[in-house]
Amino acid sequence: MADPATISPSTLLKDELDIVIPTIRNLDFLEMWRPFFQPYHLIIVQDGDPSKAIKVPEGFDYELYNRNDINRILGPKASCISFKDSACRCFGYMVSKKKYIYTIDDDCFVAKDPSGKDINALEQHIKNLLSPSTPFFFNTLYDPYRAGADFVRGYPFSLREGVPTAVSHGLWLNIPDYDAPTQLVKPLERNTRYVDAVMTIPKGTLFPMCGMNLAFDRELIGPAMYFGLMGDGQPIGRYDDMWAGWCTKVICDHLGWGVKTGLPYIWHSKASNPFVNLRKEYKGIYWQEELIPFFQSVTLPKDCTSVQKCYIEIANQVKAKLGKVDDYFNKLADAMVTWIEAWDELNPSGASKSSDLPNGPSK
C-alpha cells in the first residue's frame with residue numbers, strides 16, 4: 001500500500017468518490033469549498049418541499065434528488081428514507097456508484113489549522129481511508145501510518161500490517177456537536193482545541209458518530225450506513241448518525257475492519273436551537289440507556305460474512321430485544337430490512353451508473 005503521506009488524493013480518487021450533501025436551502029456554502037470539492041461529483045439530497053428550487057453554484061458536477069425522485073426510484077421501499085430530517089442523506093449513499101463517500105452538512109465551512117492554513121478536510125479523510133487501521137491493539141502515538149509516526153516499542157509485529165479502514169470520522173471547530181441538555185447549560189461554549197491526531201477506535205468500543213464530516217468506504221461498509229427512521233412522523237430525531245454509527249461499528253468489529261476518528265476538522269458555523277433539539281432528542285436520551293447495552297452485547301454468528309447479512313441479523317435482534325422498549329423499534333427493524341432490499345436492488349453485481357436509474361435525478 002502506498003504511503004498515504006505521499007499520495008495525491010485529488011488525482012487518485014477524483015473518479016472514485018462522491019460527496020453527499022443533504023439540504024433544504026441554496027448551496028452557497030460550496031463557494032468556500034470550491035478549491036477542494038470542484039473536481040468531485042456531488043450528490044445532493046433535497047429534503048422538504050420538492051417543488052422548491054435549490055440553487056447550486058456554477059461549475060460543480062452534481063445530481064440532485066428530491067422526495068419525488070426518491071419515491072419514483074424506490075417505489076414502496078421509499079418508506080425507509082426519512083423525510084424532513086438530514087437522515088435522508090443515506091439515499092445518496094444508496095444511489096452512488098463510487099467506492100468512497102464523503103458527506104458534509106451545509107452549515108460546515110473550511111476550518112484553519114493552527115498555522116492559519118485552510119484545512120482540506122476531504123484530503124485528510126482520503127488519507128485516513130487509504131491507510132490501515134489498528135483496532136486490535138492501541139498505539140500510544142495514535143495513527144502509526146501518518147508521516148512522522150510509527151508503532152511504539154512493545155507493539156506486536158504480527159499486527160503492524162493493520163486492517164482495512166472502513167470509516168473516517170472527522171471533528172469540528174467552533175460549534176461542538178452537543179446534545180440539547182449540554183447546549184442548554186453551555187450555550188456559549190465553542191470548541192477551539194485543535195488536536196493534531198488520528199486514532200483507531202478499538203474493537204469492542206462504541207462511539208457517537210456524527211454525520212456532518214464523515215467519510216467511508218462504500219464498497220466495504222455502505223449497506224450498514226443507514227441513518228434510520230427520523231423526522232416527520234417519527235418519535236425521535238438527531239439519532240440518525242448515532243444509529244448508523246452503532247450498527248457500523250458492531251459490523252466492522254465482526255468483519256475485522258477499522259474506524260478512525262480525529263482529523264480532519266471543519267468549521268461548524270451554526271448552533272441549532274436547543275429547545276427544538278430537546279423535543280427531537282428527549283426519547284433518544286432516555287432510550288439510549290438501553291440502546292448502548294444492546295449494541296455492546298450484540299453478537300453476530302460466523303455465517304454473517306457480508307455487511308448485508310450482518311445488518312439483517314442486527315435488525316432481527318432489534319425487533320426481538322428492543323421492540324419491547326417501544327413499538328418504534330419494530331418499525332425501525334422493518335425499515336432496516338427494507339433498506340437492505342432497496343440497496344441490493346439498486347446495487348446488483350455489475351450495477352449501472354446512477355444516471356441510468358429509472359426516472360433518475362432532477363437537475
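In this chain, numbering begins with 1 at the start of the sequence shown.
A pairwise comparison of heavy atoms in Pro274 and Ala180 identifies O-CB, 3.4 Å as the closest pair. Counting all heavy atoms, side chain and backbone alike, Asp241 lies closest to Cys210 at OD2-CA, 3.4 Å. The two residues Pro264 and Asn213 come nearest to each other via the heavy atoms O-ND2, 3.0 Å. Minimum heavy-atom separation, Ala121 to Tyr102: CB-OH, 4.0 Å. Between Val318 and Ala333 the shortest heavy-atom distance is CG1-CB, 4.0 Å. Residue Leu129 comes nearest to Ser168 through the heavy atom pair CD2-N, 3.9 Å, listed as atom of the first residue, atom of the second, then distance.
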Compile the donor-acceptor pairs under 3.5 Å between side chains in residues 108-117 and protein atoms, sequence neighbours left out, one pair per line.
| unit_1 | atom_1 | unit_2 | atom_2 | d |
| --- | --- | --- | --- | --- |
| Lys112 | NZ | Asp118 | OD1 | 2.6 |
| Asp113 | OD1 | Ser115 | N | 2.9 |
| Asp113 | OD1 | Ser115 | OG | 2.6 |
| Asp113 | OD1 | Gly116 | N | 3.1 |
| Asp113 | OD1 | Lys117 | N | 3.0 |
| Asp113 | OD2 | Ser115 | OG | 3.4 |

Could you pull out all donor-acceptor pairs under 3.5 Å where a side-chain atom in residues 219-235 meets a protein atom, sequence neighbours excluded?
| unit_1 | atom_1 | unit_2 | atom_2 | d |
| --- | --- | --- | --- | --- |
| Tyr226 | OH | Cys80 | O | 2.5 |
| Gln234 | OE1 | Lys331 | NZ | 3.4 |

Donor-acceptor pairs are to be reported for all side-chain atoms of residues 285-302 against protein atoms at under 3.5 Å, with residues two or more places apart or in another chain.
| unit_1 | atom_1 | unit_2 | atom_2 | d |
| --- | --- | --- | --- | --- |
| Gln288 | OE1 | Tyr239 | OH | 2.7 |
| Ser297 | OG | Pro293 | O | 3.0 |
| Ser297 | OG | Phe294 | O | 2.9 |

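With values rounded to the nearest 0.5 angstrom, Lys270 atom NZ is found 13.0 Å from Asn174 atom CG.
Relative orientation of the His169 and Trp172 rings is perpendicular, given thresholds of 30° and 60° on the angle between their planes.
Residues passing the salt bridge (Lys or Arg N to Asp or Glu O under 4.0 Å) test with Asp217 are Lys99, sequence neighbours excluded. Every residue meeting the salt bridge (Lys or Arg N to Asp or Glu O under 4.0 Å) condition with Lys77, not counting sequence neighbours, appears here in chain and number order: Glu345. Evaluation of the side chain to side chain contact (heavy atoms under 4.5 Å, CB included) rule for Pro187 yields no partner, not counting sequence neighbours. In terms of the salt bridge (Lys or Arg N to Asp or Glu O under 4.0 Å) criterion, Arg279 has no residue partners (sequence neighbours excluded). Phe151 meets the ring-ring contact (aromatic ring centres under 6.0 Å, His included) test with Tyr145, Tyr155; sequence neighbours excluded. Taking Val56 as the reference, Leu27, Leu30, Ile44, Phe60, Tyr62 meet the side chain to side chain contact (heavy atoms under 4.5 Å, CB included) condition, with sequence neighbours excluded. Every residue was checked against the salt bridge (Lys or Arg N to Asp or Glu O under 4.0 Å) condition with Arg190, not counting sequence neighbours, and none meets it.
Side chains of Asp107 and His268: a donor-acceptor N/O pair is present below 3.5 angstrom, by distance only.
By the 4.0 Å N-to-carboxylate-O rule, Asp196 lies close enough to Arg146 to be salt-bridged with it. The existence of a salt bridge linking Asp106 and Arg25 is confirmed by a sub-4.0 Å separation between a basic side-chain nitrogen and an acidic carboxylate oxygen. A salt bridge between Arg238 and Glu281 is present, with a side-chain N of the basic residue lying under 4.0 Å from a carboxylate O of the acidic one. With respect to Arg218 and Asp18, no salt bridge is recorded, no charged nitrogen being found less than 4.0 Å from a carboxylate O.
Residues Phe37 and Met32 are members of one and the same hydrophobic cluster, defined by side-chain heavy-atom contacts under 4.5 angstrom among Ile, Leu, Val, Met, Phe, Trp and Tyr. One hydrophobic cluster, built from ILVMFWY side chains closer than 4.5 Å, cannot hold both Phe83 and Met336; they sit in different ones.
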Please assess Ile81 against Cys90 for the test side chain to side chain contact (heavy atoms under 4.5 Å, CB included), listing each intermediate value before the final yes or no. CA-CA 8 Å; Ile81 304 297; Cys90 62; 4.3 Å; yes
Report the C-alpha separation of Asn277 and Ser272 in whole Å, then their side-chain angles, then the decisive distance to 0.1 Å, and conclude whether the side chain to side chain donor-acceptor pair (under 3.5 Å) test is met. CA-CA 7 Å; Asn277 290 347; Ser272 48; 2.8 Å; yes
Verdict with reasoning, Asn330 to Asp327, per side chain to side chain donor-acceptor pair (under 3.5 Å): CA-CA 5 Å; Asn330 291 317; Asp327 189 54; 3.0 Å; yes
Please step through side chain to side chain donor-acceptor pair (under 3.5 Å) for the pair Asp179 and Gln183, ending with a clear verdict. CA-CA 6 Å; Asp179 54 35; Gln183 282 183 294; over 6 Å; no
Could you walk me through whether Leu184 and Phe275 pass the side chain to side chain contact (heavy atoms under 4.5 Å, CB included) check? CA-CA 8 Å; Leu184 286 167; Phe275 296 100; 3.6 Å; yes
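Centroid-to-centroid, the aromatic rings of Phe91 and Tyr65 come within less than 6.0 Å.
Looking only at distances, a side-chain donor or acceptor of Asp69 sits under 3.5 Å from a matching main-chain atom of Asn66. Lys52 places a side-chain N or O within 3.5 Å of a backbone atom of Ile24 that can act as its donor or acceptor partner. Put simply, the side chain of Ser96 gets close to the backbone of Lys98: a donor and an acceptor are under 3.5 Å apart. At distances below 3.5 Å, at least one donor-acceptor pair connects side-chain atoms of Ser306 with backbone N or O atoms of Lys309. When atom types are taken as modelled, the side chain of Arg89 and the backbone of Asp105 share no donor-acceptor pair closer than 3.5 angstrom. A side-chain donor-acceptor contact under 3.5 Å links Asn139 to the backbone of Val152. Side chain of Thr165 to main chain of Ser131: a donor-acceptor pair is present (N/O by atom type, distance under 3.5 Å, no hydrogens or angles). Under a 3.5 Å cut-off, the side chain of Gln38 and the backbone N or O of Gly59 do form a donor-acceptor pair. No donor-acceptor distance shorter than 3.5 angstrom exists from the side chain of Asn26 to the backbone of Ile54, with no hydrogens or angles considered. Thr205 places no side-chain N or O within 3.5 Å of a backbone atom of Ile201 that could act as its donor or acceptor partner.
With side-chain heavy atoms closer than 4.5 Å counting as contact, directly or through intermediates, the hydrophobic cluster containing Met199 also holds Phe138, Tyr142. Cluster partners of Ile175: none. The rule joins Ile, Leu, Val, Met, Phe, Trp and Tyr whenever side-chain heavy atoms lie under 4.5 Å apart, and it links nothing here.
Phe207 CZ: more than 12 foreign heavy atoms inside a 6.0 Å radius.
Arg72 has its side chain out of reach of Ile70: every pair of non-hydrogen atoms, C-beta onward, lies at least 4.5 Å apart.
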